[in-house]
Protein chains: 2
Amino acid sequence: MNVNLQKNWLCSCYGGFNHNITNAGLTSRTHSPVDDTIMPKRTKAEAEATREALLDAAEVIFLERGVSRTSLEQIARQAGMTRGAVYWHFKNKSDLFHAMLDRVKMPLRQLLDDVEDPDQPNAPLESLRLATLHALERLQGPRSRRVHTILLHCSESASDVDILALQDQLACDCYETMLERFEDARDTGTLAASIEPEIACRMLMSMFLGLMHDWLRDPERYDIGEIGPRMLDTLFERIRLMPCDPRPG
Amino acid sequence: MNVNLQKNWLCSCYGGFNHNITNAGLTSRTHSPVDDTIMPKRTKAEAEATREALLDAAEVIFLERGVSRTSLEQIARQAGMTRGAVYWHFKNKSDLFHAMLDRVKMPLRQLLDDVEDPDQPNAPLESLRLATLHALERLQGPRSRRVHTILLHCSESASDVDILALQDQLACDCYETMLERFEDARDTGTLAASIEPEIACRMLMSMFLGLMHDWLRDPERYDIGEIGPRMLDTLFERIRLMPCDPRPG
DNA sequence: GCAAGTTTACATTCATGTATGTATGCCTGT
DNA sequence: ACAGGCATACATACATGAATGTAAACTTGC
C-alpha cells in the first residue's frame, strides 16, 4: 500500500527542487525505492536519506495542516515510513521541528560576511542593504519559503514547540549585529543625524519582518522579488544623510 | 510558568477521572462557582454576562496555551462554567474565536475618521500618521494586546480557525484605504516624488505589522509607546517631499 | 408549562509514547 | 573469508490520555 504513497511523495517532494544531499548517497548500489517488493536496505546513507525525507515530509504536512494538528503518523506516511522511523530519528515533534529549522537558518552575521569584502569594506548601510536583499533572495527558495511560512503562520506559541523562544533568539541576534552597523553608520556620518541607530534598527527589522509575514501569508498576491528590493532601497535611500539634512555635530 | 499552571489545572480538574468533577470544586446544586451565595438567575442580562465571561476566559487561556491546544473545557472552567454553556453560546471553537476578535477590531477606516476633521482636512500623510499613532495607543490596551497576541502568535493556520483568511481580509482592507491616502499625497506633492504610493504603502504596513509582531512576542523588552511613535514619525518625516528632493512634475 | 440556559453523561475519535518484534548491516575474531 | 554477534533501523501493537459533539436531564424565568 505504500508504493503509491512513495511515488506521490517522490513527485511532490523531489520533483522540482534541488535536493542535492538526499539522492547523492544512495544511488550507488541500491535499486529504485519504488520497487514493489519491500527491501529494507538500511545502510548509513539510506538512514540519512530517510531522515531527510522525514524532514521534507514534515515541511509539507506542517504547511498544509499546521504544526499542532499534524500527527507524527501523518509525517511518517507522507515520507512512506511509519511512526517508528520518526521516533528513531527524532525524540519527538519538537525535536523534529528544530531539525527542520536548522536546515534553513540564515543568521544575519553570515549574510553580512557574504556581501562584505574584507579588503574593500562597504559603507555599513550598504552592507546592510546588500545583506537584506540577499536574505530576500534566499527567502524565495522553496524550502526557505516553506519553513519560514511554517514559523510565522503555521505554528503557535505554547505548543509542542516553543516558537516564541526560537523567534526571540533569532530576532535578538539579528538586532545586535544590525545595531552595530547602524551605530557605525551614525559615527561615520552616513546615517541622517536625526535618526538614532536604535530606531533605524527597529525600523529595518520591523519592515523586513512585516514584509515576510505579509508576503508569506499569500505569496501569489505580489512579487516580493520586485516589491521587496524597492521597499528596502527606498528605506536605505531615505534614512541616509541627505544634502538638506543638518550636518552632524 | 505555563507548564506549572497547566499541570496544576490538570490535576485539579482531571485528578480523579471523568467522574464527579463537580464534587471537587463545585457545589452540587447551586451551581454558580463564582458566586456561591446567591442562586443563579438566568435572566437575559446574565446570559449575556456569561457570554462575555466566556470570551474573557478564552482570551486568557488562548494566550496561555495557544488556540489549538486549548480545549473548550478549559475555557468553560476558567469562566466558572461547563462546556455546555460554551456550546450554548457558540457553535464551536472557531465561532468563539471570531466573536472574541469582534470585540477588538479597529479598521483603519474608522481610525482615520477619528483623527480627520471634515471641516479642516489634514494632509493625507498627517492623517495616516495620526491614525497609526492612534492604532498604536489602542494596541496597548490590555484586551487589544491580548487578542492581537493571540492572532499573531498563539494561533496557527489550518487550525480550527482560518487565521490566514482573517488576517488577509484585515490586511487587504487596510492596504486599500492606506493606498488612497498615499496616492492623494503623491498627487498633492506631499510624498517624495521618487516613492511610489504602492511602495510607501507596503513600507508603512510592513513596518507596523512587523513592529506589532516583534513587540507582542515579548512586550517587556521595550516600551512600544515610546519606540513606536519614534519609528513612525521618522518614517513619515523621511518619505515626505524634502527640500533637496527633485520637485515633482 | 414552555423555553432559555446550563449541567451531566456518553460514544467516538485520535494522538502520543513506549514496548516489543524483526530483519538487516557492520564488525570482530579466528 | 566468514560465521556469529551485536547494533541499527525500522514496523507493529498496545495502553493511555484527552477533546469533541450530541443527547438528555435539570433548573429557573416568564
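Letters A, B, ... mirror the listed sequences (proteins, then strands); counts begin at 1.
- Protein atom CZ of A:Phe90 is 13 Å distant from nucleotide atom C1' of D:dA9, rounded to whole Å.
- Atom CD in B:Glu48 sits about 16 Å away from atom P in C:dA4, given to the nearest Å.
- Per the geometry, NE2 belonging to A:His89 stands 8 Å off C1' belonging to D:dC10, to the nearest Å.
- A donor-acceptor distance shorter than 3.5 angstrom exists from the side chain of A:Glu156 to the backbone of B:Val67, with no hydrogens or angles considered.
- Protein atom CG of B:Leu54 is 11 Å distant from nucleotide atom C1' of C:dT6, rounded to whole Å.
- Look at A:Asp56 and A:Arg51 and you find no salt bridge, because none of the NZ, NE, NH1 or NH2 atoms lies under 4.0 Å from a carboxylate O.
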Protein-nucleic acid N or O pairs under 3.5 Å, nucleotides 11-16 of chain C:
residue : atom : partner : partner atom : Å
C:dT16  : OP2  : A:Leu72 : N            : 3.2

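- With rounding to whole Å, B:Asn92 atom CG is found 14 Å from D:dT22 atom C1'.
- For C:dG5, neither phosphate oxygen OP1 nor OP2 lies less than 4.0 angstrom from any side-chain nitrogen or oxygen of B:Thr50.
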Give every donor-acceptor pair under 3.5 Å between a side-chain atom in residues 167-174 of chain B and any protein atom, sequence neighbours left out.
residue  : atom : partner  : partner atom : Å
B:Gln167 : OE1  : A:His213 : NE2          : 3.4
B:Gln167 : NE2  : B:Leu151 : O            : 3.4
B:Asp168 : OD1  : A:Arg217 : NH1          : 2.8
B:Asp168 : OD1  : A:Arg221 : NH1          : 3.1

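- A:Ala85 comes within 4.0 angstrom of the backbone, heavy atoms only, and of no base.
- Stacking of A:Arg202 on the aromatic ring of B:Tyr222 is recorded, both the 6.0 Å distance cut-off and the 45° axial limit being met.
- In this structure, B:Trp88 places its CH2 atom 14 Å from C1' of D:dA23, rounding to the nearest Å.
- Remark: P of D:dA18 and CD1 of B:Ile61 are 16 Å apart, rounded to the nearest angstrom.
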Under 3.5 Å, which donor-acceptor pairs do the side chains of residues 104-111 of chain A form with other protein atoms, sequence neighbours left out?
residue  : atom : partner  : partner atom : Å
A:Lys105 : NZ   : A:Asp102 : OD1          : 3.4
A:Arg109 : NH1  : A:Glu180 : OE1          : 3.4

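- B:His153 and B:Thr149 are not linked by any side-chain donor-acceptor pair at a separation below 3.5 angstrom, with hydrogens and angles left out of the test.
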